[in-house]
Colleague: 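The structure follows.
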Amino acid sequence: MKVKIELFATLREMVGNSLLEIENVENVREAVEALIEMFGARIKEILMEGDEKKESVKILVNGKDIRDLAGLETKLRNGDCISIFPPVAGG
Amino acid sequence: MSERYSRQISIIGEEGQKKLRNSKVVVTGIGGLGSVASYYLAAAGVGYLRIIDYDVVEISNLNRQILHWTNDIGRPKVESAAMKLSLLNPETRIDPINEKISEDNVDELLKGMDVIIDGQDNLRTRMIINEFAVRSCRPYVYGAVYGMEGFLMTIIPGAGPCLRCLYPYEPKIKDFIPVLGTTPGVIGCLEATEAIKIITGVGKPSVGRLIIYDGENMSFHEVCIARNSQCYVCKKI
Ligand SMILES: [Zn+2]
C-alpha cells in the first residue's frame, strides 16, 4: 500500500521536496512517524507536541481536515493523499 | 458609463459597474499582496479605496511590491501607493491611512467597508481583522504567501469558516519569509477578483474552499475547510 504526502511552506523547504510517497502505513499517525524517521527532529518540532499533532498544523487526507475525521488515527487507503501545512502568513 | 470599463461591462453589466463605483473596499497593507490587489481594484473602478499601512518603502520590498519604485525608498508606503493609484484611475477616491492596525483602532479603520482585503504579513493582525469581519459581518478575503506558494480563502461570516476556524492556533513564525515576487502577484490578483465578484454578485467566491497555488509545480489545489463548531470567533453567528 502506498500513500502520497504533500508538503507546503516551511515543511517543503525543510524536506527539499514537495511530494513524497511512503509505503505500509495504516493511519495518519504512522505516516507522520515515517516522515519524522526520514527527516528527523526538526520536522518533529514543527508537527508534534508530545504525542499529539500541534494544533497550528493542518493535516488533510484527500482534502479533508483530519480534525473532522479521526485525527491522527484516521485510517489510510492505497492512493490516499495527505497534505500537511503550517499557517501561511507572508504578504 | 465610461469607456474605461468597456471590456469588463460585458461580464459584470452596467449594473455591476455601478455597484463597483458605489463600493468601498479597504486593503489592509500595501506590500506584495496589497500593491497588486489595490491596483486591479482601482483599475476596475471601485469608487472608494482605503489603503492602510504604517511602513516606509525599503529596497528589499521592490521585488514584489509593484506600486513602490526605486525613487520611493524611504517614503511612507500609503503615500507612494496613493500617488500611483490616483494617476491610474482618477475616478477612484483613494484614502491613504498611515497607521498600524491594532485591536484598539480596528473598528474605526475598517467600519463601513463593503469588502476587506488581506495585505498583511503576519497572522496576528490578520486575526484581529478576522474578528472585526465576523463581528461586523463583512466579507474578508484572506491571502498569504510563502516562497512560491500562495493561499487564498474568502470569509463570508455565517456562510462559511472564518480564519480562526482555519488556523485555531498561531505558531511562532520566523520573521524572514522568502517570497518570489510573482507569488503575491498571483494571490493579490485573485484577492481582487474575489472582491469584484462579491461586489457585483458575479460568480462564486471561494467560501469554505482554501485555494493553494503551487508555483513550483504550477498547480492549483482546492481544499475544503469546514466551520469549526468550537471556533470562539464565529460559533455564535
Ligand atoms: Zn470561525
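FYI, side chains are in, hydrogens and waters are out, and symmetry mates aren't considered; it's all heavy atoms of this structure. Quick note on labels: first sequence line is chain A, next is B, and so on, each numbered from 1.
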Colleague: Regarding A:Asp51 and A:Arg29, does a basic nitrogen lie under 4.0 Å from an acidic carboxylate oxygen?
Modeller: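 Salt bridge flag = no for A:Arg29 with A:Asp51.
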Colleague: Quick one: ring-ring contact (aromatic ring centres under 6.0 Å, His included) partners of B:Tyr213, sequence neighbours excluded?
Modeller: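 Only B:Phe220 meet the ring-ring contact (aromatic ring centres under 6.0 Å, His included) criterion with B:Tyr213.
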Colleague: Quick check on B:Gln120 against chain A: is it the side chain, the backbone, both or neither that has a heavy atom closer than 4.5 Å?
Modeller: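 When you check distances to chain A, only backbone atoms of B:Gln120 fall under 4.5 Å.
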Colleague: Identify which of B:His221, B:Met148, B:Gln65 forms the greatest number of heavy-atom pairs closer than 4.5 Å to chain A.
Modeller: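 With the most close heavy-atom pairs to chain A, the winner is B:His221.
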Colleague: Examine whether an atom of B:Asp118 lies under 4.5 Å from a heavy atom of chain A, and if so say whether it belongs to the side chain, the backbone or both; otherwise answer neither.
Modeller: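 Contact with chain A is absent: no heavy atom of B:Asp118 under 4.5 Å.
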Colleague: In terms of side-chain geometry, is the basic nitrogen of A:Arg12 or B:Asp214 positioned less than 4.0 Å from the acidic oxygen of its partner?
Modeller: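 Between B:Asp214 and A:Arg12 there is a salt bridge, with a charged N closer than 4.0 Å to a carboxylate O.
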Colleague: Looking at B:Val179, B:Thr183, B:Val223, B:Ile225, which has the largest count of heavy-atom pairs under 4.5 Å with chain A?
Modeller: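 The residue among B:Val179, B:Thr183, B:Val223, B:Ile225 with the greatest pair count is B:Val223.
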Colleague: For B:Val145, is it the side chain, the backbone, both, or neither that has a heavy atom closer than 4.5 Å to a heavy atom of chain A?
Modeller: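 Contact with chain A is through both the backbone and side chain of B:Val145.
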Colleague: Looking at side-chain heavy atoms only, is the closest gap between B:Tyr48 and B:Asp95 below 4.5 Å?
Modeller: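 B:Tyr48 vs B:Asp95: side chains touch.
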Colleague: Under a plain distance cut-off of 3.5 Å, with no hydrogens placed, do B:Lys84 and B:Ser80 share a side-chain donor-acceptor pair?
Modeller: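 A pair is found: one side chain offers a donor N or O, the other an acceptor, under 3.5 Å apart.
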Colleague: For the candidates A:Gly91, A:Gly63, A:Ser18, which exhibits the highest count of non-hydrogen atom pairs separated by less than 4.5 Å from chain B?
Modeller: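 With the most close heavy-atom pairs to chain B, the winner is A:Gly91.
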Colleague: For B:Phe151, what residues pass the ring-ring contact (aromatic ring centres under 6.0 Å, His included) criterion, not counting sequence neighbours?
Modeller: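 If we apply the ring-ring contact (aromatic ring centres under 6.0 Å, His included) test to B:Phe151, skipping adjacent residues, the hits are A:Phe85.
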Colleague: Is it the backbone or the side chain of B:Leu210 that comes under 4.5 Å from a heavy atom of chain A, or both, or neither?
Modeller: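 For B:Leu210, side-chain heavy atoms alone lie under 4.5 Å from chain A.
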